[in-house]
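By convention here, the first residue in the shown sequence is residue 1.
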Amino acid sequence: QEEVLWSVRKNKRTVVKSGNTIGKSWVAADVVMDWLSTHTEAKVITTAPTFTQVEEILWKEIRSYCFQSKIPIGVEPLNVQLKFNDNLFALGISTNETGRMQGFHSPHLLVVLDEASGISAEIWDTVEALHPERVLAIGNPLEASGRFYDCFQSSQWNKITISCEEAVAWQEANGNVPGLVTRDWIED
């Protein structure tokens, strides 16, 4: 997860594939909060294939991050929005209409594609048309085709793979984390 955070700081495009329940959305929330806290003017647009995924997966983690922070962040998160001012905010969007993704410009624009294997080609094209400073695409490798798959074949993306076995090994060395993948789950 630390590798993902550093990759987004250093690389224009980061793509992450992993097994289920290793903390992808948790680290994506951490990336969003890191981006907002290290820039005075920045926008973050997050998306996923469905609004339920936007609101109940990634934004659930972002809201949890805000509420559990030991240092108050200064604003109250809404279901899919965290707004400090007009030039410093994060917003969750899910749409198949490319026009709804347009118009978000910032010298420090980060786009997070959560559950990226299910995002349509048109939305991937719209994200590129925004000319973001950084893109994080994260998800499960469900198909050997599509834009998410293509990222792993491209030299334009920094590629990270997190296996369930790695997550279990880390827990065995450092202690179990409730909700993360377990050896029993893998064997099952």
Side-chain angles (χ1 to χ4, degrees), residues 1 3-5 7-8 11-35 43-65 77-82 90-104 109-167 179-181 185-186 188:
Q1 292 172 337
E3 182 181 354
V4 173
L5 182 62
S7 179
V8 172
N11 298 286
K12 181 172 175 70
R13 295 176 182 91
T14 298
V15 62
V16 181
K17 64 180 175 177
S18 76
N20 290 316
T21 64
I22 61 86
K24 291 182 301 297
S25 297
W26 183 88
V27 75
D30 196 37
V31 166
V32 168
M33 298 307 293
D34 180 70
W35 193 258
K43 296 177 184 174
V44 179
I45 302 301
T46 74
T47 193
T50 69
F51 184 74
T52 299
Q53 289 169 313
V54 170
E55 184 178 32
E56 294 300 325
I57 300 174
L58 177 54
W59 275 87
K60 181 179 178 182
E61 294 293 343
I62 292 170
R63 290 188 307 272
S64 177
Y65 190 105
L78 302 177
N79 279 356
V80 293
Q81 183 180 15
L82 183 61
L91 180 65
I93 298 172
S94 178
T95 183
N96 287 327
E97 299 173 28
T98 58
R100 292 187 65 205
M101 289 282 294
Q102 296 174 345
F104 296 100
L109 176 63
L110 166 66
V111 177
V112 177
L113 303 161
D114 195 21
E115 306 295 344
S117 63
I119 294 175
S120 72
E122 294 81 14
I123 296 301
W124 282 86
D125 290 341
T126 301
V127 167
E128 286 299 322
L130 292 172
H131 302 286
E133 183 177 8
R134 298 285 190 274
V135 178
L136 170 63
I138 195 164
N140 303 105
L142 301 176
E143 298 180 31
S145 63
R147 293 293 179 86
F148 186 61
Y149 174 83
D150 293 344
C151 294
F152 288 92
Q153 317 313 310
S154 171
S155 61
Q156 294 183 342
W157 290 82
N158 186 51
K159 303 159 203 63
I160 299 171
T161 299
I162 307 170
S163 77
C164 289
E165 291 286 348
E166 286 178 271
L180 287 187
V181 65
W185 183 86
I186 293 172
D188 189 35

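One finds the CD1 atom of I93 at 4.0 Å from the CZ atom of F104 (value rounded to the nearest 0.5 Å). Taken from OG1 in T46 to CD1 in I57, the straight-line distance is 11.0 Å, to the nearest 0.5 Å. To the nearest 0.5 Å, atom CG of residue L130 and atom CD1 of residue I45 are 7.5 Å apart. Rounding to the nearest 0.5 Å places OG1 of T14 at 11.5 Å from CG of L113. Taking CD of E115 as the start and OG1 of T47 as the end, the distance is 11.5 Å to the nearest 0.5 Å. The line from CD of E61 to CD of E56 is 11.0 Å long, rounded to the nearest 0.5 Å.
Side-chain N or O atoms of Q156 include none that pairs as donor or acceptor with a backbone N or O of C151 at under 3.5 Å. A donor-acceptor pair under 3.5 Å is formed between the side chain of K159 and the backbone N or O of W157. Remark: the backbone N or O of I123 is not paired with any side-chain donor or acceptor of T98 at under 3.5 angstrom. Counting only distance, with no hydrogens or angles, the side chain of K24 and the backbone of G19 share a donor-acceptor pair below 3.5 Å. Distance alone, capped at 3.5 Å, is enough to place a donor-acceptor pair between the S94 side chain and the A48 backbone.
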**Request:** Decide yes or no on side chain to side chain contact (heavy atoms under 4.5 Å, CB included) for L109 and V44, but give the supporting numbers first.
**Result:** CA-CA 6 Å; L109 176 63; V44 179; over 6 Å; no

**Request:** Tell me, with the steps shown, if Y65 and W26 meet side chain to side chain contact (heavy atoms under 4.5 Å, CB included).
**Result:** CA-CA 9 Å; Y65 190 105; W26 183 88; 5.6 Å; no

**Request:** Could you give me the CA-CA distance, side-chain angles and deciding distance for I160 and V15, then say whether side chain to side chain contact (heavy atoms under 4.5 Å, CB included) is met?
**Result:** CA-CA 6 Å; I160 299 171; V15 62; over 6 Å; no

**Request:** List the steps and the verdict of side chain to side chain contact (heavy atoms under 4.5 Å, CB included) for N79 and W59.
**Result:** CA-CA 7 Å; N79 279 356; W59 275 87; over 6 Å; no

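Of all heavy-atom pairs between V127 and M101, the closest is CG2-CE, 3.9 Å. Summarising the geometry of P141 relative to S18, their closest heavy-atom pair is CD-O, 3.3 Å, with the distance given to 0.1 Å. The two residues A28 and L58 make their nearest non-hydrogen contact at CB-CD1, 3.7 Å. Between G179 and T21, the shortest heavy-atom distance links the atoms O-CB, 3.7 Å. Shortest non-hydrogen contact noted between A137 and W124 is CB-CH2, 3.6 Å. Residues P77 and R63 approach most closely at CB-CG, 4.1 Å, considering heavy atoms.
Ionic pairing of R13 and E128 is present here: one or more N-O contacts between side-chain nitrogen and carboxylate oxygen are shorter than 4.0 angstrom. Using a 4.0 Å cut-off between charged side-chain N and carboxylate O, R147 and D125 make a salt bridge.
Within the structure, side-chain hydrogen bond (donor to acceptor under 3.5 Å, both in side chains) pairs that include any residue of residues 134-145 comprise N20-N140 (at least two apart or interchain).
With hydrogens and angles left out, the side-chain atoms of N158 and S7 include a donor and acceptor closer than 3.5 Å.
Looking at V16 and L136, their side chains come closer than 4.5 Å, going by heavy atoms from C-beta outward. Side chains of W35 and E133 form a contact here, defined as non-hydrogen atoms less than 4.5 Å apart. Residues L110 and K43 have side chains not in contact (no heavy-atom distance under 4.5 Å, counting atoms from C-beta outward). Q53 is not listed as a side-chain neighbour of D114, based on a closest heavy-atom distance of 4.5 Å or more. Side-chain contact between D30 and L5 is present, with heavy atoms from C-beta onward closer than 4.5 Å. Contact of the I138 side chain with the V27 side chain is registered, since non-hydrogen atoms from C-beta on lie closer than 4.5 Å. For the pair F51/V80, a side-chain contact is recorded, criterion being any heavy-atom separation below 4.5 Å from C-beta on. Residues L91 and L82 fail the side-chain proximity criterion, which asks for heavy atoms closer than 4.5 Å.
By the 6.0 Å and 45° rule, K17 stacks over the aromatic ring of F152.
Surrounding CD of Q81 are more than 12 heavy atoms belonging to other residues, nucleotides or ligands, all under 6.0 Å away.
Applying the side chain to side chain donor-acceptor pair (under 3.5 Å) test to T126 and every residue at least two apart in sequence or in another chain returns nothing.
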